[in-house]
Each structure stands twice: as structure tokens, then as C-alpha cells.
Amino acid sequence: MPETPPQQFASDNYSGICPQALDAIVRASAAGSAPAYGDDPWTRLAEDAIRTLFNTDAAVFFVFNGTAANALALATLCPPYCSIIATDIAHADTSERGAPEFFTGGSKLMTPPCPDGKLTSAAIKLCCRKAQSPQASGPAVVTITQPTENGLLYTPEEIRALADTCHEHGLSLHMDGARLANAVAALGCSPAAITWQAGVDALSFGGTKNGMAVGDAVVFFNRKLSRGFAERAKQGGQIASKMRFITAPWLSMIKSGAWLENAKHGNACARLFATELAGVTGLDLAWPVQSNGVFLLLPEQSMNTLRVKGWRFYTMFGGVARFLFGWDAKPETVKALAADIRASLQA
Ligand SMILES: *Cc1c(COP(=O)(O)O)cnc(C)c1O
């Protein structure tokens with residue numbers, strides 16, 4: 001039997017809980033009894049910490065995962081007789097089993113083809129033109145993913161341009177930030193600069209892939225748009241009764257700076273991995289490395305060799321091998337994977 005690799009890079013949610021998040025759970029538990037359903041000091045402080053992080057008076061909510069964050073945020077922003085515009089590789093469309101459509105209770109997703117996984121103003125305008133008849137489900141909201149599912153970044157200027165198009169057409173702009181921290185780390189900007197200052201109305205802010213056990217936040221920069229969110233979250237089974245075990249880690253991650261350090265580390269490991277593979281014949285990067293993901297075009301035989309060696313990875317977007325690096329990625333294991341990839345191409 002081949003030796004099992006010591007660590008896997010199939011996804012950043014393969015990782016354990018980072019120390020700052022885990023310690024916070026232990027400490028919040030040691031405090032004994034506390035009010036349930038978010039009526040506790042950790043939850044209030046975590047909401048405040050997120051408002052401070054974004055430097056604005058947003059409405060903040062916590063749910064168990066990213067699918068719920070997206071589906072409930074989109075349902076809050078989109079009436080059942082309207083539609084949601086997303087790219088054709090958006091997690092909300094490909095990987096949520098229809099949760100956005102389900103929670104909206106009738107909305108459609110419009111997914112114009114977006115060759116590099118990034119939405120454009122032209123694509124949004126085309127969707128609006130196509131759905132002009134009173135019989136069509138006219139769009140009400142656009143959702144973009146930052147970084148995208150294929151690891152690319154929108155610059156603040158690109159987001160501003162999309163937001164302007166949305167607002168000119170009466171649409172709100174939602175951002176799926178399952179890995180927002182990686183985008184902030186990579187762009188070296190403030191969280192505000194790529195969200196509300198660029199025109200984003202609501203955000204799904206990922207905690208799980210950043211190093212927490214569980215729990216993503218939903219941030220409505222436009223408070224008026226958050227009406228009904230808390231009720232939908234409860235109806236959807238997404239209000240943790242022991243909320244402090246989601247929010248104490250959030251507070252600790254932000255106060256300690258771990259949210260950004262973890263993301264910087266993941267991004268650095270992705271760059272290391274790409275550097276280890278630079279110039280190797282027989283493989284190509286499907287997209288440039290801009291965050292914590294590396295997407296490789298590898299021959300089928302090479303992928304099989306890697307699987308036999310015990311490496312796990314997803315193939316997405318029609319056969320692209322995806323590697324994602326989390327807070328705990330060990331540089332020596334990153335190098336070992338790269339070495340096995342190089343060897344698999346020479347076999
Ligand atoms: C992981 C992910 C989510 C959330 O997924 P859950 O498994 O529900 O936490 C949402 N959007 C993107 C782009 C993701 O990668």
C-alpha cells in the first residue's frame with residue numbers, strides 16, 4: 001500500500017480548527033451558562049467586531065454554513081417572482097442543490113456564460129434585456145464570488161463597475177465571500193474597499209474555510225435590505241441555540257488577526273505550490289494564481305498516478321484539478337505534492 005499523504009489539499013475545508021477559534025470555544029464553554037439564541041455577550045461583541053472590521057454600521061447575522069448564508073441572503077434580496085444573476089460556475093448555482101431557488105420560493109437563477117469565471121457588466125445588461133417581458137422573471141439581484149470559484153479576484157474598480165450596473169438597473173449586489181479573507185489578503189486592501197465602498201449591498205462572509213469549525217456571517221451593508229433575514233434564518237433552521245460557540249470563535253479570529261494571517265498563509269502556500277511547478281512540461285495553470293487555489297490542467301494518467309499515491313483533489317470545470325491551501329497547509333507537504341506531480345508527468 002502506498003503511504004497516505006500526511007495532509008490533503010482537496011479543499012480548505014479539509015483543515016482542522018485553528019487554535020484561535022478552538023480556544024475561543026473552550027473559553028466560551030468554561031464561562032458556564034449564558035443566554036441562548038444569540039442573546040449573549042460574545043454574539044454582541046462579534047457583531048460589533050465585524051462592523052468595526054468593515055468600518056460601517058452593518059446588520060450582521062450568523063448561520064451554520066455558506067450555503068445557508070448565500071441562500072438566505074439571496075432569498076431576502078429577491079422576491080419569488082424575480083431572478084438572481086450569477087456566473088455559470090457560481091457555487092450558488094452549481095453546488096447548493098437549488099437552495100437559493102428553494103429559499104426564495106420560486107426565483108430562477110440566470111447564469112450567463114462567463115469564460116474566466118468573472119461576471120461582467122455586459123452579461124448583467126444582457127440578462128436584464130432578455131427578461132423584459134412581464135411574463136419573465138426579471139432579475140432583482142446579482143451575486144458575485146470573491147475570490148471566484150476558479151481562484152480569481154475582482155479588483156475594487158471591477159466591483160464598483162458591476163455595482164453601478166446593478167444599481168442603474170434596480171438590482172442589488174450580493175457577494176459570496178466564502179473566502180473573502182483570501183481576497184483581502186491578496187489585494188492588500190481593506191475589507192471595506194472590496195465590499196460596501198465598491199457598492200456591495202450584502203455579503204456572505206466565510207468563517208469555515210478560514211479556520212473555524214463552523215459558522216459563516218451574513219453582512220447587510222444596506223441595513224434596510226436585511227428585513228426578514230433573521231426570520232428566514234430561523235425558519236431555515238439556521239439559528240444556533242448555543243450561538244456563542246459560533247460567535248466566540250468569530251470574535252477571537254477578528255480580534256487576534258487570525259482571519260487575515262490564516263488567509264495570507266493559504267495564499268502563500270498556493271504561490272509556493274505554483275512556483276514548485278513553474279516551467280514543468282506537461283502541465284498548465286488553468287488560471288493565474290491570485291488567491292489560495294491552484295488549478296492545474298494535468299494529463300488523465302498523471303491525475304490517476306496522484307490518486308493512487310493517495311492524494312485527494314477535485315476535478316472541476318470539465319477536468320481541471322483543483323488544489324486549495326488552508327490555514328494549516330504545511331509547506332513541506334505542499335512541496336511533496338509538487339514533487340509527486342512532477343514525477344507523475346515523467347512516468
Ligand atoms: C464553500 C463555498 C461556499 C459554502 O459552502 P458550504 O459547504 O455550505 O459551507 C459558498 N460559496 C463558495 C464559493 C464556496 O467555495
Quick note, salt bridge (charged side-chain N to carboxylate O under 4.0 Å, His left out) partners involving residues 119-148, not counting sequence neighbours, are none
So salt bridge (charged side-chain N to carboxylate O under 4.0 Å, His left out) across residues 150-160, not counting sequence neighbours, yields Lys118-Glu158, Arg160-Asp164
Check your understanding: Does Gln146 reach the main-chain N or O of Tyr154 with its side chain, forming a donor-acceptor pair under 3.5 Å?
Key -> yes
Sorted by chain and number, sequence neighbours left out, salt bridge (charged side-chain N to carboxylate O under 4.0 Å, His left out) with Asp39 holds for Arg44
Grouping ILVMFWY residues whenever side-chain heavy atoms fall under 4.5 Å, the cluster of Val26 otherwise contains none
Pairing donors with acceptors under 3.5 angstrom, does anything connect the side chains of Asn267 and Asn292? no
Q. Should we count CZ of Arg312 as having more than 12 external heavy atoms under 6.0 Å?
A. no
Test ring-ring contact (aromatic ring centres under 6.0 Å, His included), reference Phe323, set Trp311, Phe313, Phe9, output is Phe313
Worksheet entry | Heavy-atom donor-acceptor pair, Ser252 side chain to Ala24 backbone, under 3.5 Å | no
The remaining residues in the hydrophobic cluster of Phe220, counting side-chain heavy-atom contacts under 4.5 Å among Ile, Leu, Val, Met, Phe, Trp and Tyr, are Phe61, Val63, Leu72, Leu74, Leu77, Ile84, Phe102, Phe103, Leu109, Val141, Val218, Leu225, Phe229
Please report, to 0.1 Å, the donor-acceptor pairs under 3.5 Å made by any side chain of residues 273-285, with sequence neighbours excluded.
| unit_1 | atom_1 | unit_2 | atom_2 | d |
| --- | --- | --- | --- | --- |
| Thr275 | OG1 | Arg271 | O | 2.7 |

Validation: residues 233-246 side-chain donor-acceptor distances under 3.5 Å, sequence neighbours left out:
| unit_1 | atom_1 | unit_2 | atom_2 | d |
| --- | --- | --- | --- | --- |
| Gln238 | OE1 | Phe64 | N | 2.8 |
| Arg244 | NH1 | Ala28 | O | 2.6 |
| Arg244 | NH1 | Gly32 | O | 2.9 |
| Arg244 | NH2 | Gly32 | O | 2.9 |

task: Evaluate the ring planes of Phe205 and Phe54, with Trp represented by its six-membered ring, and classify them as parallel (under 30°), tilted (30 to 60°) or perpendicular (over 60°).
output: perpendicular
Hits for salt bridge (charged side-chain N to carboxylate O under 4.0 Å, His left out) against Glu101, two or more places apart or cross-chain, chain-then-number order -> none
Sequence neighbours excluded, the answer for side-chain hydrogen bond (donor to acceptor under 3.5 Å, both in side chains) partners of Trp327 is Ser15
Apart from Phe295 itself, members of its ILVMFWY cluster (side-chain separation under 4.5 Å) are Tyr14, Ile89, Leu152, Trp287, Leu297, Tyr314, Met316, Phe317, Val320
The complete set of salt bridge (charged side-chain N to carboxylate O under 4.0 Å, His left out) pairs with one or both residues in residues 64-78, sequence neighbours excluded, reads none
Residues 179-192 vs salt bridge (charged side-chain N to carboxylate O under 4.0 Å, His left out), sequence neighbours excluded, gives Asp12-Arg179
